[in-house]
Amino acid sequence: MAAARLLLRRAVRGVTRAGRLYSSEGAEGSAPKGNKAEKIPKIYTKTGDKGYSSTYTGERRPKDNLVFEALGTTDELTSAIGLAKEFCLDANLQCVAELEKIQCRLQDIGSNIATPLSSARESHKVNTSFNEDSVQELEQWIDKYTVQLPPLTSFILPSGGKASASLHVARAVCRRAERVTFKLLQTGEADSRVGKYLNRYN
């Protein structure tokens, strides 16, 4: 996971650090002569090697806990939307800005999910609360695009080009994210507005 995030971060930025990692002598981590050596932080912690991870509240839970299952699925959804967004950009569709904002909202949802209410202090809740306005904004977007479409009279086969098909994939991933998160909501560990948002998107 850590390695994948590092590679993605480099790809997005389009930056190579090869010149910094290696000197002319080929020593890894050294800097050019005359310059102070650059300290390169490690992106892995080894704290999850025994199958446990930390929530935002500091709890240690097994990695197959519902919290991490919901987090992983919403992360997958964000990635699926990111791919769909690129196809929509190529097709010059109008929904690109909305898709990007949805990705940002999913980051907020991840923060809320990572803060189980059973162990959250008030400061945790303030920092990770999910706003009802986000649900209403999504409903407004749905209404805006619905009036532009012909009446739906039958089921739709996922297809219609790369942009359309990738949005169908994102929709299906969202339905799974909602199912997993609903189990978490039933235990009272997350904000009910998170469930509303995921329900609207799919």
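On a predicted model such as this, the values are computed, not experimentally measured, just so you know. Residue indices begin at 1 and follow the sequence shown.
Side chain of Lys85 to main chain of Glu100: no donor-acceptor pair is present (N/O by atom type, distance under 3.5 Å, no hydrogens or angles). Between the side chain of Thr181 and the backbone N or O of Glu178, no donor-acceptor pair lies under 3.5 Å. The closest donor-acceptor contact from the side chain of Asn127 to the backbone of Ser123 lies under 3.5 Å. Put simply, the side chain of Glu69 never gets that close to the backbone of Asp64: no donor and acceptor are under 3.5 Å apart. The backbone N or O of Phe130 sits less than 3.5 Å from a side-chain atom of Arg193, completing a donor-acceptor pair.
Enclosure of atom CG in Asp143 by more than 12 non-hydrogen atoms of other residues, nucleotides or ligands within 6.0 angstrom is indicated. Within a 6.0 Å sphere centred on CD of Gln148, heavy atoms belonging to other residues, nucleotides or ligands number more than 12. Within a 6.0 Å radius of CG in Leu157, no more than 12 heavy atoms belonging to other residues, nucleotides or ligands are found.
Cluster annotation: Ile102 is connected to Val169 through the hydrophobic network of ILVMFWY side chains, with a link wherever side-chain heavy atoms come within less than 4.5 Å. By the rule that hydrophobic residues join a cluster once side-chain heavy atoms approach within less than 4.5 Å of another member, Phe87 and Leu93 end up as members of separate clusters. Leu185 and Val135 fall into different hydrophobic clusters, where Ile, Leu, Val, Met, Phe, Trp and Tyr side chains are chained together by heavy-atom contacts under 4.5 Å. A continuous path of hydrophobic side-chain contacts links Trp141 to Leu167 [ILVMFWY only; heavy atoms under 4.5 Å]. Following chains of ILVMFWY side-chain contacts shorter than 4.5 Å, one can reach Leu66 starting from Phe68, so the two form part of one hydrophobic cluster.
Thr187 has its side chain out of reach of Lys183: every pair of non-hydrogen atoms, C-beta onward, lies at least 4.5 Å apart. Residues Cys88 and Leu99 meet the side-chain proximity criterion, which asks for heavy atoms closer than 4.5 Å. Residues Tyr201 and Leu106 are not in side-chain contact: their nearest non-hydrogen atoms beyond the backbone lie 4.5 Å or more apart. Using a 4.5 Å cut-off on side-chain heavy atoms (C-beta onward), Gln140 and Lys144 make no contact. Using a 4.5 Å heavy-atom threshold, the side chains of Thr57 and Arg121 count as separate. Between Ile156 and His168 the shortest side-chain heavy-atom distance falls below 4.5 Å. Using a 4.5 Å heavy-atom threshold, the side chains of Leu71 and Val67 count as touching.
When all heavy atoms are compared, the tightest approach of Lys63 to Tyr52 is CE-O, 3.8 Å. Ser119 and His124 make their closest contact through O-ND1, 4.4 Å (heavy atoms, listed as atom of the first residue, atom of the second, distance). Contact record, Thr74 with Ala177: CG2-CB, 4.3 Å, taken as the closest heavy-atom pair. The two residues Ala114 and Thr55 have their closest heavy-atom pair at O-CB, 3.4 Å. Closest heavy-atom contact between Asn112 and Asp191: OD1-N, 3.1 Å. Taking both residues in full, the closest heavy atoms of Lys125 and Ala120 are given as CE-O, 3.8 Å, listed atom of the first, atom of the second, then distance.
At a threshold of 4.0 Å, the pair Lys101-Glu137 counts as salt-bridged, since one of the basic side-chain nitrogens sits closer than that to a carboxylate oxygen.
For the atom pair Arg60 CZ and Ser53 OG, the distance stands at 6.0 Å (nearest 0.5 Å). Here the OG atom belonging to Ser79 is positioned 8.0 Å from the CD atom belonging to Gln103, to the nearest 0.5 angstrom. With values rounded to the nearest 0.5 angstrom, Arg105 atom CZ is found 11.5 Å from Gln107 atom CD. Rounding to the nearest 0.5 angstrom, the gap separating the CG atom in Asn131 from the CD atom in Gln136 is 8.5 Å.
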*For the pair Thr73 and Arg179, evaluate side-chain contact (heavy atoms from CB on, under 4.5 Å) and give the outcome as yes or no after the intermediate values.*
CA-CA 10 Å; Thr73 313; Arg179 291 194 299 270; over 6 Å; no
*Going through the distances and angles, do Leu77 and Leu198 end up as a side-chain contact (heavy atoms from CB on, under 4.5 Å)?*
CA-CA 10 Å; Leu77 173 58; Leu198 292 173; 4.1 Å; yes
*Evaluate the side-chain contact (heavy atoms from CB on, under 4.5 Å) criterion for residues Arg200 and Ile142: first the C-alpha distance (whole Å), next the side-chain angles of each, then the deciding distance (0.1 Å), finally the verdict.*
CA-CA 8 Å; Arg200 297 299 184 277; Ile142 294 170; 4.2 Å; yes
